[in-house]
Amino acid sequence: QVQLMESGGGLVQPGGSLRLSCAASGSIFNSYTMGWYRQAPGKQRELVASITIRANTNYAESVKGRFTISRDSAKKTVYLQMNSLKPEDTAVYYCNRVVGPIGWGQGTQGTVSS
C-alpha cells in the first residue's frame, strides 16, 4: 500500500536548486513529524531535515542555510527546497515519519554535477 510518494528530483549543476515533494496520507501527515532522508551510493541513509506538526524544523549541519523543509496541510505534502547544491548532495531522497518510519518508498534521485 503506497502511503508516501516522492517527486521532483533531477540533474542540476553545482549551485543550482531542486524542489522535492512528498505526498503523504492524511493520517501520517497530520500525526507525525515528517523528515527528508537521503542515501548516497555506498553510504548509510541519513536524515537531513524534519518538520513537526507544529511546523518546527530541524536540519543536519551539512545542509543548514541551504535546504528548507515545509509542509502544506491542504495538499498533505511536505517539501524540501534545496539551494546552493553541491556534488556531495547527490543521493536518492526519501520522505518518511521520523519516529517509527513506515515502509520506504522509491525515493527521488537528485544529482549535482557539472
Side-chain angles (χ1 to χ4, degrees):
Q1 188 174 11
V2 178
Q3 296 180 281
L4 300 166
M5 188 175 297
E6 302 95 344
S7 63
L11 173 64
V12 297
Q13 295 184 327
S17 298
L18 285 171
R19 184 172 176 80
L20 309 183
S21 298
C22 173
S25 68
S27 60
I28 294 174
F29 188 91
N30 294 322
S31 302
Y32 300 95
T33 294
M34 298 297 295
W36 278 100
Y37 300 76
R38 69 184 181 188
Q39 186 167 24
K43 295 188 176 182
Q44 298 287 333
R45 180 185 287 119
E46 63 173 341
L47 178 66
V48 297
S50 64
I51 184 166
T52 70
I53 57 175
R54 301 180 73 174
N56 187 39
T57 59
N58 283 289
Y59 300 92
E61 184 176 344
S62 60
V63 307
K64 281 184 178 178
R66 300 188 298 120
F67 291 11
T68 302
I69 188 171
S70 61
R71 61 196 298 156
D72 186 319
S73 297
K75 296 181 179 180
K76 298 178 181 179
T77 301
V78 61
Y79 303 95
L80 185 66
Q81 178 67 46
M82 307 190 294
N83 298 325
S84 302
L85 286 164
K86 307 173 181 179
E88 51 263 45
D89 294 318
T90 296
V92 178
Y93 286 77
Y94 304 87
C95 64
N96 214 324
R97 69 189 193 191
V98 174
V99 178
I102 61 173
W104 297 91
Q106 295 298 305
T108 185
Q109 175 74 45
T111 302
V112 186
S113 176
S114 59

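Quick caveat, the model's predicted, so the values are computed rather than measured.
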Pair Val98, Met34 - check side chain to side chain contact (heavy atoms under 4.5 Å, CB included), show working. CA-CA 6 Å; Val98 174; Met34 298 297 295; over 6 Å; no
Go through the structure and list residues passing side chain to side chain donor-acceptor pair (under 3.5 Å) with Ser25, not counting sequence neighbours. Ser27
If a pair satisfies salt bridge (charged side-chain N to carboxylate O under 4.0 Å, His left out) and one of its residues is in residues 67-91, list it, with sequence neighbours excluded. Arg38-Asp89, Arg66-Asp89
Atom CD of Gln106: over 12 foreign heavy atoms under 6.0 Å: no
Measuring from atom CZ of Phe67 to atom OH of Tyr93, what distance do you get when rounded to the nearest 0.5 angstrom? 4.0 Å
Drop me the distance from Ser73's OG to Ile53's CD1, to the nearest 0.5 angstrom. 10.0 Å
Atom OG1 of Thr33 and atom CD1 of Ile51: how far apart are they, to the nearest 0.5 Å? 9.0 Å
With a cut-off of 3.5 Å and sequence neighbours excluded, list every side-chain donor-acceptor pair involving residues 4-20.
from  : atom 1 : to     : atom 2 : distance (Å)
Glu6  : OE1    : Gly107 : N      : 3.1
Glu6  : OE2    : Cys95  : N      : 3.0
Ser17 : OG     : Asn83  : OD1    : 2.8
Arg19 : NH1    : Gln81  : OE1    : 3.4

State whether the side chain of Arg97 and the backbone N or O of Val99 hold a donor-acceptor pair below 3.5 Å, judged by distance alone. yes
Nearest heavy-atom contact between Thr77 and Ser21 is CG2-CB, 4.2 Å
Are Thr68 and Tyr59 side-chain neighbours, meaning at least one heavy-atom pair lies under 4.5 Å? yes
To the nearest 0.5 Å, tell me how far Trp36 CH2 sits from Leu47 CG. 12.0 Å
Would a line drawn from the ring center of Tyr37 to the ring center of Trp104 be shorter than 6.0 Å? yes
Among Val63, Val78, Val48, find the one that has a side-chain contact (heavy atoms from CB on, under 4.5 Å) with Ile69. Val78
Once you round to the nearest 0.5 Å, how far does CG of Asn96 lie from SG of Cys22? 8.0 Å
